[in-house]
S.K.: 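So that we are looking at the same thing, I have put the structure below in structure tokens.
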Amino acid sequence: MSGFDNGQWSSGADTKAQEDTGAFGTSELADTLNTNGDAAGAATAAYAHAKEGWVAPEAYKYDDFADSATHEWEGNARVYEFDGDIGDVGPEHPDLELQLFGDSAVRKSEGIDFSNITSLELYQEGPVRVDPIPADFSQAGLHPVMLKNVQLSGYSVPTPIQRYCLPAIRLGYDVVAVAQTGSGKTAAYLIPIINKLMGKAKKLAAPRPNPATYQEGVDPPVRAEPLVCIVVPTRELAVQVFNEARKFCYRTMLRPCVVYGGGPFGEQARQLQRGCDVLVATPGRLKHFMAEPHLLTFHRLRFMVIDEADEMLQEDWKEELDTIMSGGEQEEGNINYMLFSATFPKAARDLAKTHMAETHLQLRVGRAGSSHGNIKQVVIYTDPSMKKQALVDLLNSLPPTRTIIFVNSKRACDELDDLLFNLNFPCVSIHADRTQKEREASLRGFRSGKTPILITTGLNSRGIDVRNVMHVINYDLPSLDHGGIEEYTHRIGRTGRIGHRGLATSFYTDRDEPLASVLTRTLLETKQDIPDFLEQYVPEDKENLKFEADSDFEEEEAADADGGGWGGNGDDAGDDAGTASGGGWGNGEDNAAEPESTDTGGGW
Ligand SMILES: Nc1ncnc2c1ncn2[C@@H]1O[C@H](COP(=O)(O)OP(=O)(O)OP(=O)(O)O)[C@@H](O)[C@H]1O
């Protein structure tokens with residue numbers, strides 16, 4: 001019988017061997033599931049699957065997606081609407097509240113173990129050093145309605161990147177923030193931006209129709225004049241960030257909207273025409289809307305956030321990003337620019353620096369691109385011709401649990417979907433050739449636990465946050481030409497989020513040799529077991545692991561004896577910002593966003 005033996009899949013080994021070696025096995029994942037179940041304080045859907053076995057697979061009903069009229073686009077999800085006639089914050093809407101935040105029994109975050117996230121050092125650089133907010137949201141000086149939204153979201157303790165981003169953004173700085181996958185970066189920009197705008201919305205926001213009386217086709221539409229624009233690379237991520245924005249905008253005057261490729265332009269335009277203060281967008285569709293100034297203008301824009309910034313700074317996106325940064329009638333001196341990601345290789349960092357304001361702050365938790373110890377990483381040697389069998393064996397050998405399988409091609413995605421479905425696994429798949437309706441339906445099935453196995457290309461390696469993804473499988477490891485180790489970090493980061501634990505299993509073949517060295521160092525960094533076939537790549541000095549990004553920091557550190565540069569931790573950390581060219585996106589010397597105050601101790 002085929003199976004796994006000491007990190008190696010073989011067609012003849014007894015499957016029991018894996019349990020005996022302890023390298024990984026049923027008990028390992030079962031332990032992980034148990035721990036998470038306790039930590040979350042709730043019997044989750046995924047955990048229930050694990051105890052009861054895989055749910056029955058459901059055939060994909062393509063006919064369901066043929067009719068646009070009946071499809072519920074994620075972008076049309078209900079948002080809180082309030083015209084501010086009775087003050088700055090609106091009344092509670094219990095039914096919408098339930099829709100946005102879910103049942104209070106499953107949203108508690110007490111007991112989440114942040115220790116692996118908090119153990120990493122936070123580095124900062126810029127003209128000032130910000131003091132973190134206290135490790136308790138209720139002490140963070142938030143507007144009471146924002147604090148309530150934070151609590152309704154189930155957050156009580158801010159993560160390290162949140163503790164520093166909140167004051168940095170409050171003080172009016174441009175921010176470059178880098179922190180591990182699943183460490184709460186979305187809330188790290190949404191909470192302070194929305195909080196900051198709350199009291200000012202009446203003054204800053206564009207007039208819009210009264211939501212209580214608005215009648216489409218009767219009331220004249222308005223042009224969208226957002227105060228905040230958040231750009232993300234994928235449609236699924238746009239919808240996800242929009243859903244987070246819907247939560248934090250609850251009971252405020254700020255109306256969130258989302259525009260993304262594949263969705264209906266007309267319907268998205270109709271949403272914008274009801275007023276839009278917080279716009280989440282994918283770059284292509286945003287550019288399209290920007291070409292229609294009667295629908296969208298940036299002349300009121302105050303915050304531009306580029307999420308997954310290192311991806312967005314790639315050459316592939318240059319045309320869109322140049323338009324987004326400079327078109328749209330924005331008044332540059334009024335805009336704060338924010339770049340967020342879990343990875344930030346040198347080339348992207350250099351580009352970012354030339355575009356940000358002189359006064360920008362850089363905040364980094366641990367090494368840019370590092371993963372965290374909550375993810376157990378296992379690499380298994382397989383022969384390419386036996387991968388399918390290895391995958392089936394792997395799925396059969398572990399308790400059923402929500403799993404994402406990454407492949408490198410659309411064809412492999414379709415093939416694995418067929419294979420697993422025919423073997424009765426409840427799976428669904430996503431790749432770029434699927435229609436947007438199919439993509440939304442697949443992700444919905446996966447999120448709900450109806451189809452707990454998702455097979456996808458790298459399309460969804462970044463950002464996607466689904467509760468209780470316990471296992472990520474790299475059926476194909478990313479190649480160096482297509483994302484390399486950064487792509488690996490994002491993919492495995494779909495599990496082990498926000499203090500939970502997870503398992504990432506990667507099939508390694510001889511073709512993955514170019515990735516071997518950096519993969520081995522990545523494993524060593526979080527003290528993972530090194531399989532025999534990767535031993536040859538273990539560096540002599542295991543305590544001082546070198547990464548591309550590190551050597552870049554060292555160059556900067558060497559040039560700045562006081563410890564400036566991203567890796568620096570010295571007191572005088574402003575040199576780099578001082579020599580930045582200052583042009584481009586944000587703010588040149590003359591129009592740099594004026595920090596509100598340099599007193600980091602003030603309230604909101
Ligand atoms: N302070 C907090 N307490 C509890 N949960 C939180 C907190 N902040 C964020 N979360 C939750 O943590 C999860 C991960 O957050 P988020 O998706 O923002 O991570 P991320 O750092 O952007 O990850 P990635 O790099 O993969 O995009 C989300 O479900 C979010 O709701």
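Indexing begins at 1, ligand by ligand and atom by atom, following the structure's order. No hydrogens, no waters, no symmetry mates; every other heavy atom, side chains included, goes into these values.
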S.K.: Heavy-atom contact under 4.0 Å between Arg467 and ligand 1?
M.R.: no
S.K.: Given Asn243, which of Gln240, Lys247, Arg246 fulfils the side-chain hydrogen bond (donor to acceptor under 3.5 Å, both in side chains) condition?
M.R.: Arg246
S.K.: Is the shortest distance from a Lys or Arg side-chain nitrogen in Arg491 or Asp476 to a carboxylate oxygen in the other one below 4.0 Å?
M.R.: no
S.K.: At their closest point, which heavy atom of Ser183 faces which heavy atom of Ile498, and how far apart are they?
M.R.: C-CD1, 4.2 Å
S.K.: Heavy atoms only: give me the nearest Thr489-Ser370 pair and the separation to one decimal.
M.R.: CG2-O, 4.1 Å
S.K.: Tell me which part of Phe137 gets within contact of ligand 1: side chain, backbone, both or neither, using heavy atoms under 4.0 Å.
M.R.: side chain
S.K.: With a cut-off of 4.0 Å, which atoms of ligand 1 are near a heavy atom of Arg494?
M.R.: 26 (O)
S.K.: Which residue from Ala342, Gly184, Ser341, Gly182 reaches closest to atom 24 (P) of ligand 1 through any of its heavy atoms?
M.R.: Gly182
S.K.: Using the ring centroid of each side chain, check whether Tyr250 and Phe101 are separated by less than 6.0 Å.
M.R.: yes
S.K.: Looking only at N/O atoms, are Gln240 and ligand 1 under 3.5 Å apart anywhere?
M.R.: no
S.K.: Check whether the side chains of Ser479 and Asp481 place a donor and an acceptor atom closer than 3.5 Å, and report yes or no.
M.R.: no
S.K.: May I ask you to list the atoms of ligand 1 that are less than 4.0 angstrom from any heavy atom of Gln180?
M.R.: 21 (O)
S.K.: Please classify the Val157 to ligand 1 contact at 4.0 Å (heavy-atom distances, strictly less than): side chain, backbone, both or neither.
M.R.: backbone
S.K.: For ligand 1, is there an N or O atom under 3.5 Å from any N or O atom of Tyr155?
M.R.: yes
S.K.: Determine whether the side chain, the backbone, both or neither of Thr186 has a heavy atom under 4.0 Å from any heavy atom of ligand 1.
M.R.: both
S.K.: Taking 4.0 Å as the limit for heavy-atom contacts, which would you say applies to Thr181 with ligand 1: side chain only, backbone only, both, or neither?
M.R.: both
S.K.: Is it the side chain, the backbone, both or neither of Arg462 that has a heavy atom closer than 4.0 Å to ligand 1?
M.R.: neither
S.K.: With a 4.0 Å heavy-atom cut-off (strictly under), which part of His490 contacts ligand 1: side chain, backbone, both or neither?
M.R.: neither
S.K.: Whether the Gln377 and Ser371 side chains hold a donor-acceptor pair (N or O, under 3.5 Å, no angle test) is what I'd like checked.
M.R.: yes
S.K.: Think Arg364 forms a cation-pi with Tyr123, using NZ or CZ under 6.0 Å from the six-ring centre and within 45 degrees of its axis?
M.R.: yes
S.K.: Distance check, rounded to the nearest 0.5 Å: Leu503 atom CG versus Leu394 atom CG?
M.R.: 8.0 Å
S.K.: Could you list which atoms of ligand 1 come closer than 4.0 Å to a heavy atom of Glu308?
M.R.: 27 (O)
S.K.: Can you sort out the partners of Ala309 under side-chain contact (heavy atoms from CB on, under 4.5 Å), two or more places apart, ordered by chain and number?
M.R.: Ile306, Leu339, Phe344
S.K.: With a 4.0 Å heavy-atom cut-off (strictly under), which part of Arg497 contacts ligand 1: side chain, backbone, both or neither?
M.R.: side chain
S.K.: Answer with yes or no whether Ser183 contacts ligand 1, where contact means a heavy atom under 4.0 Å from a ligand atom.
M.R.: yes
